[in-house]
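I have placed the structure first, in the form of structure tokens, so that the comments after it can refer back to it.
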Amino acid sequence: QQFRGLQRQIWTLLAAGSFIFLLGLADDLRPLRARHKFIVQVMAALALCIAGVRIESINVANLFTVNFGVFSYPVTIFWIVAITNAVNLIDGLDGLAAGICAIACGSIAVFAVRSGSVVMVVLMLAILGSLSGFLFFNFNPARIFLGDCGSMFLGFILAASSVMCAAKTNAMVSLALPALAFGLPIFDTVFSMLRRHLARWPIMSPDRGHLHHRLLDMGLRHRDVVILMYGITALATGAGLFMMVTHGGGTIAVFLCVLLLLILVFHAFGAVRLREIAARVRYNKELSQIASDDIAIFKNTRLELAGTISFKQWWKAVSEAAEKVNFARLTVTITTGNQRYHTFTWKSSNAADMERLLMVDVPVDTGRARPDIRIEARMNADGSLESCGRRLMLFGRLIDEYRFSQQERNENSTVRIIKGDIKEVQKVKIKEGKYKLPLVTS
């Protein structure tokens, strides 16, 4: 009778789960882009929402009820997609993901028995039995593997099942208990994404910062790591079961204490360092502020260069920008057709205090063999090398955009070339077909 009442949701769950399985199988055969997998996962979760599998409200420990209303769709989709990917990412060792999912199945089945959800009891026990048989061959050394098709399927089915339990009882425990059972995959995913974001790497890029990698690096054997993570999951889930017999603030206290325990596990094994995270946040904030200041300086310099009509004005604008962004020295060397060299040098007033210098030789594309123009730049490298590289990149853009113009001149034409101190001026004859100095945009 209960199966008939949930027939639409059950068929949608099985169809969407099969779709997720095929997605994972395609990813196993030929790796897919992360965004493509994400889109398919969202579509499968959306199909469940349309079928009525949604988190519409949550009763928080009988203290108050949160009604999501129109936000039930995004909340449900986020929950299902997050658990699906968390299980997929934790599948890094033989038997790890399957064992954690088996424990989660048991916890959801216990809650389903208490809430009278016969359908969920049957489904969870069926998956638990399947995983128990599978683990016999999947435990290290494994003879068969979950692959992406298995891990994503398990994560999707279990996440959707927890939503169906929540839809029946709207109790906080219906989602809090699966969250604790999947605590290791969830926190491992969150900390991995945070770590990669702070390091400014793509959040889906692989690394060896996962909890199981940390445990392996500490010298534990493969089997020992898996059993230890089983134990942590069982401990968190077992403690979470007390939420079913507590009331009011006690339920929230149990949930928060188990969450704190999981965070301490990650901290103890070096998968997350709170002080390092805080230091990295400050460092990234400083780099971001420096980058904004550098871009503002070069934007102003670009406007000044756009209005220059002589080499003297151009050189003055570039020198002022170099002083602001902590350059130590600029040297411009112009070689004309008769092998005459003209050198212009600017030196920072603080150059003597700069011990670590980054040097680069910038060739200027003039479009002709002569005159040959080269710029040697030296800048202070006491700060971030990344900041130095960005400043040199912005400087190169200025040089590319504002080069000497190529125009035919009479043989008797003259131009004014500035000496290194930007004060002394001399006249140099330029033959027909050669360069002239004033500057224009390229």
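Sequence positions, counted from 1, serve as the residue numbers for this chain.
Contact annotation: the side chain of L330 approaches that of V318 to within less than 4.5 Å [non-hydrogen atoms, C-beta and beyond]. Using a 4.5 Å heavy-atom threshold, the side chains of T301 and E320 count as separate. Looking at heavy atoms from C-beta onward, L262 lies in side-chain contact with L184 at the 4.5 angstrom threshold. Annotation: side chain of L215 is in contact with side chain of M229 (closest heavy-atom distance under 4.5 Å). Counting only heavy atoms from C-beta outward, the side chains of T12 and V53 never approach each other to under 4.5 Å. Between H210 and S192, some side-chain heavy-atom pair lies under the 4.5 Å cut-off. You'll find the side chain of L303 stays beyond 4.5 Å of the side chain of K299, heavy atoms only. The closest side-chain heavy-atom distance from R378 to L358 is not below 4.5 Å.
Counting heavy-atom neighbours within 6.0 Å of R302 CZ, excluding the residue itself, gives a total of 12 or less. Sparse packing is recorded around NE2 of H197, with 12 or fewer heavy atoms of other residues, nucleotides or ligands lying under 6.0 Å away. The environment of CZ in F19 is sparse: at most 12 heavy-atom neighbours from other residues, nucleotides or ligands sit within 6.0 Å. By the neighbour-count criterion of 12 heavy atoms within 6.0 Å, atom CE of M43 is sparsely surrounded, having that number or fewer from other residues, nucleotides or ligands. Within 6.0 Å of OH on Y230 lie more than 12 heavy atoms contributed by other residues, nucleotides or ligands.
When atom types are taken as modelled, the side chain of D91 and the backbone of V87 share no donor-acceptor pair closer than 3.5 angstrom. Between the side chain of N59 and the main chain of T65, no donor-acceptor pair closer than 3.5 Å is present. Side-chain N or O atoms of R114 include one that pairs as donor or acceptor with a backbone N or O of M244 at under 3.5 Å. A distance-only check finds no donor-acceptor pair linking the side chain of T237 to the backbone of A234 [under 3.5 Å]. When atom types are taken as modelled, the side chain of S161 and the backbone of I157 share a donor-acceptor pair closer than 3.5 angstrom. Using modelled atom types, one side-chain atom of T76 and one backbone atom of I55 make a donor-acceptor pair closer than 3.5 Å. Distance alone, capped at 3.5 Å, is enough to place a donor-acceptor pair between the D28 side chain and the D148 backbone.
Heavy-atom minimum distance, A45 versus F156: N-CE1, 4.1 Å. Between I58 and M172, the shortest heavy-atom distance links the atoms CG2-CA, 3.9 Å. Residues M243 and L180 come closest through the heavy atom pair CE-CD1, 3.8 Å. Nearest heavy-atom pair across I100 and A181 is CG2-O, 3.9 Å. Closest of all the heavy-atom pairs between S18 and F153 is N-CE1, 4.5 Å. Contact between T84 and M152 at its shortest, heavy atoms only, is CG2-O, 3.6 Å.
In this model, a donor atom of one side chain and an acceptor atom of the other lie less than 3.5 Å apart for T251 and T246. For the 3.5 Å distance criterion, the side chains of N67 and E56 fail to qualify, holding no donor opposite an acceptor. Side-chain contact annotation: S162 with W79, donor-acceptor N/O pair under 3.5 Å present.
Taken to the nearest 0.5 Å, the CD atom of E276 stands 11.0 Å off from the CZ atom of R195. To the nearest 0.5 angstrom, L158 atom CG is 4.0 Å from F182 atom CZ. Between L261 atom CG and L256 atom CG the span is 12.5 Å, to the nearest 0.5 Å. The line from NE2 of H212 to CZ of F269 is 14.0 Å long, rounded to the nearest 0.5 Å. Expressed to the nearest 0.5 Å, how far CD of E376 lies from CE of M359 amounts to 7.5 Å. Atoms CG and OG, on N85 and S151 in that order, are 9.0 Å from each other to the nearest 0.5 Å.
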Requested in this report: Show your working on side-chain contact (heavy atoms from CB on, under 4.5 Å) between I108 and L177 and close with a plain yes or no.
Outcome: CA-CA 7 Å; I108 296 175; L177 190 57; over 6 Å; no
Requested in this report: Begin with the C-alpha distance, continue with both residues' side-chain angles, and end with the deciding distance and a verdict on side-chain contact (heavy atoms from CB on, under 4.5 Å) for D293 and Q289.
Outcome: CA-CA 6 Å; D293 295 341; Q289 184 60 49; 3.1 Å; yes
Requested in this report: Starting from the C-alpha separation in whole Å, work towards a yes-or-no answer on side-chain contact (heavy atoms from CB on, under 4.5 Å) for V81 and F78.
Outcome: CA-CA 5 Å; V81 172; F78 173 79; over 6 Å; no
Report task. Carefully, step by step, assess Y73 and F68 under the rule ring-ring contact (aromatic ring centres under 6.0 Å, His included). Result -> CA-CA 9 Å; Y73 279 83; F68 293 106; over 10 Å; no
Query raised in the report: Going through the checks in order, is the side-chain contact (heavy atoms from CB on, under 4.5 Å) test met by R391 and N326?
Result: CA-CA 9 Å; R391 293 168 184 170; N326 217 16; 3.9 Å; yes
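Ring planes of F187 and F266: tilted class, angle from 30 to 60°.
Listed by chain and residue number, R374 satisfy the side-chain contact (heavy atoms from CB on, under 4.5 Å) test with D361 (two or more places apart in sequence, or in another chain).
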Output side-chain donor-acceptor pairs under 3.5 Å for residues 116-141, partner residues at least two apart or in another chain, one line each.
residue	atom	partner	partner atom	Å
S130	OG	A126	O	2.9
S132	OG	L128	O	2.8
N138	OD1	G95	N	3.0
N138	ND2	I144	O	2.8
N140	ND2	D94	OD2	3.3

